[in-house]
Amino acid sequence: MTLALPKVAASYRAIRVWQRHRDVFLNIWWSEVIWGLVEPVITLAALGLGLGEFVEIEGEESYLDFVAPGLLAVFPMWAASAEAGWGSYFRMENLRTFEAMLATPLSVDDVTTGEVGWAATRGVISSIYILAVIAAFGTVQSLWALLVPLVGVVAGFLFGAVSLSYTAIARSISSLNYFFAVYITPQFWLSGAFFPLDKLPSWVGKAAWWAPASHAANAHRALVTGGIGWGLLADVAWMALAAFLFYLLALALMRRRLIR
Amino acid sequence: MGPIIWAWQVVKRYGSLVALDHVSFQVEEGECFGVLGPNGAGKTTLIRLMAALSPLTEGRLLVDGLDVMRQGRLIRQRIGLVPQHDNLDPELTVRQNLLVYSRYFDIPRPLAQKRVEEVLELFHLQERANNRIDTLSEGLRRRLILARALVSSPRLLILDEPTAGLDPQARHLVWQKLRQLRKEGLTMVLTTHYMDEAEQLCDRLLILHQGRIMAEGSPQELIEGYIGREVVEVHGVSPSHRGHLQGLVASAMGVEMEEAEGVFYLYVRHQDGIDPGTLRALGRQVVYRRANLEDVFLRLTGRGLAD
């Protein structure tokens with residue numbers, strides 16, 4: 001038996017979808033970003049400076065230094081997932097944006113690709129902002145941190161593709177709550193962004209290996225602290241492969257939903 | 001030049017539901033072609049097939065010579081589709097909506113800008129060009145949706161219930177624009193369940209019922225073929241007079257009769273049908289009127305409540 005990969009009918013026209021989202025974003029960006037602007041600063045101050053007074057982590061100068069790169073993994077994860085979750089669902093079912101696009105030369109695969117690409121973009125916007133915030137708190141220790149947006153693209157594409165795959169099978173907008181409660185929120189807290197996993201039972205670490213956010217957290221920690229090595233490469237490769245597989249899944253599920 | 005739409009034995013099934021059942025028809029260039037039918041007749045399904053948005057189950061369907069099963073992208077490059085439901089981008093302005101849409105067609109920027117201004121003018125939307133969509137009335141949004149479908153200069157305009165839910169003023173404005181476009185030679189296919197809309201706009205139409213074509217022709221041909229010149233409605237016939245009325249119709253030349261909800265409909269082909277005085281003696285109220293498309297429609301699809 002051979003495993004046939006689905007034929008991808010996406011084209012450069014996916015950029016047209018991305019451009020549409022960019023134009024809308026530029027019209028209403030303030031209301032779109034306000035939450036993402038405030039939350040990381042509060043989190044960094046509360047955990048890093050507040051809670052950090054009482055916490056000591058082996059091999060780290062301060063808890064603030066430990067938390068800062070973790071934020072680069074989890075907040076962009078939220079931004080990308082929310083975009084391809086609630087955002088894409090709302091466009092698909094409420095605004096009928098996909099219907100309008102599909103009446104033109106755009107294909108379903110173009111729309112799927114544009115949606116995931118835009119989710120990745122929202123992730124990267126969040127990455128760059130958080131990088132500036134943690135730099136302002138003085139926690140960036142290496143110039144390798146300049147590569148954060150690049151890793152952010154890979155991670156954003158991965159979270160966008162996972163989230164859109166779920167959106168494609170969601171029956172209602174409220175059923176997306178399951179995805180965020182059961183899949184995104186645990187990764188937010190338990191992927192090694194806020195505390196190291198190696199003091200926990202070994203099965204936790206093994207389970208975390210399957211969570212994309214743990215690889216995003218490791219990769220960002222390596223870039224910000226300058227801990228460059230094979231580990232970084234392995235984490236990025238893991239995310240790139242998963243991104244590709246979930247992208248194929250999103251294509252297949254969106255076709256099943258939109259072509260009847 | 002062949003027909004712009006060529007449908008042969010088109011079948012569309014959704015599981016066990018047959019939405020279209022061996023439908024064949026042609027649309028010639030420059031025509032305004034109507035697809036008339038009650039809700040659930042298969043009108044929207046037919047539109048989805050013509051726009052290559054949904055695969056056929058059986059049969060063949062060519063649009064402008066292109067096969068919907070293999071050349072969907074090319075077909076959609078050449079058509080303008082007016083959807084039944086509003087799918088404008090509410091966070092964008094009127095002009096931005098048109099520009100974003102023209103990008104989907106890969107229209108080069110300078111040409112797109114020119115086309116956008118042209119359709120804004122055609123639909124009298126210039127003053128609203130910088131307004132957000134949420135500030136527009138229902139009628140203005142419909143106009144913008146029409147304008148948007150024309151921004152790519154399509155060879156064929158496909159409209160799904162173009163005036164559904166509009167007030168009379170807005171409806172007439174849309175009709176006026178569509179008539180103007182028809183006069184300019186644009187080919188149009190539209191679905192509707194408004195008989196007056198079909199009569200006003202369409203050169204030719206087909207009546208669809210439960211996925212099958214019941215009749216096809218110009219509005220005039222259909223009326224003359226299925227009804228005749230005139231319809232006489234006889235209301236309030238007492239049970240004792242029914243037999244008399246039926247006998248009268250049976251003996252008259254070229255008169256057919258149907259009964260629905262206690263009203264008798266007499267379809268009269270010739271001027272000298274039945275003596276009006278006799279009819280008045282049989283019913284409480286007798287109404288004479290011209291036959292119209294609605295009679296054809298109801299005759300073919302049943303005057304009773306469709307399920």
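- Separation of atoms CZ (B:Arg132) and CG (A:Asn27) is listed at 6.5 Å; rounding is to 0.5 Å.
- A pairwise comparison of heavy atoms in B:Leu81 and A:Ala103 identifies CD2-CB, 3.5 Å as the closest pair.
- Atom OH of A:Tyr178 has 12 or fewer neighbouring heavy atoms from other residues, nucleotides or ligands inside a 6.0 Å radius.
- Side-chain contact between B:Pro83 and A:Glu99: present, with at least one pair of heavy atoms (C-beta onward) separated by less than 4.5 Å.
- Contact annotation for B:Phe105: both backbone and side-chain heavy atoms come within less than 4.5 Å of a heavy atom of chain A.
- Taking a 6.0 Å sphere around CD of B:Glu184, one finds it holds more than 12 heavy atoms contributed by other residues, nucleotides or ligands.
- With B:Arg103 contributing its side chain and A:Arg16 its backbone, the two residues share no donor-acceptor pair below 3.5 Å.
- With values rounded to the nearest 0.5 angstrom, B:Leu88 atom CG is found 10.0 Å from A:Thr97 atom OG1.
- Interface remark: B:Arg148 contributes side-chain atoms only to the contact with chain A (heavy atom separation under 4.5 Å).
- The two residues A:Leu258 and B:Arg48 make their nearest non-hydrogen contact at O-NH2, 3.8 Å.
- Heavy atoms from other residues, nucleotides or ligands lying under 6.0 Å from CZ of A:Phe246 number 12 at most.
- Interatomic distance, B:Asn97 CG to A:Arg20 CZ, rounded to the nearest 0.5 Å: 8.5 Å.
- Contact detail for B:Glu91 and A:Ile28: the closest heavy-atom pair is CG-CD1, 4.0 Å.
- Chain A forms more heavy-atom pairs under 4.5 Å with one residue of B:Ala52, B:Ser54, B:Ser152, B:Gly80 than with any other, namely B:Ser54.
- Side chain of B:Arg73 to main chain of A:Pro105: a donor-acceptor pair is present (N/O by atom type, distance under 3.5 Å, no hydrogens or angles).
- If you measure heavy-atom distances from B:Gln77 to chain A, the contacts under 4.5 Å come from both the backbone and the side chain.
- Counting heavy atoms from C-beta outward, A:Leu95 and B:Asp89 have side chains that stay 4.5 Å or more apart.
- Interface summary for chain B: among A:Leu106, A:Asp110, A:Asn94, the most heavy-atom pairs under 4.5 angstrom belong to A:Leu106.
- Minimum interatomic distance between A:Ile259 and B:Pro55 (heavy atoms only, all atoms of both residues): CG2-CD, 3.8 Å.
- Using modelled atom types, one side-chain atom of B:Arg76 and one backbone atom of A:Leu102 make a donor-acceptor pair closer than 3.5 Å.
- Contacts of A:Arg13 with chain B are made by side-chain atoms alone, with heavy-atom separations under 4.5 Å and no backbone atom involved.
- The contact between A:Tyr12 and chain B is made entirely by side chain atoms (from C-beta outward), counting heavy-atom distances below 4.5 Å.
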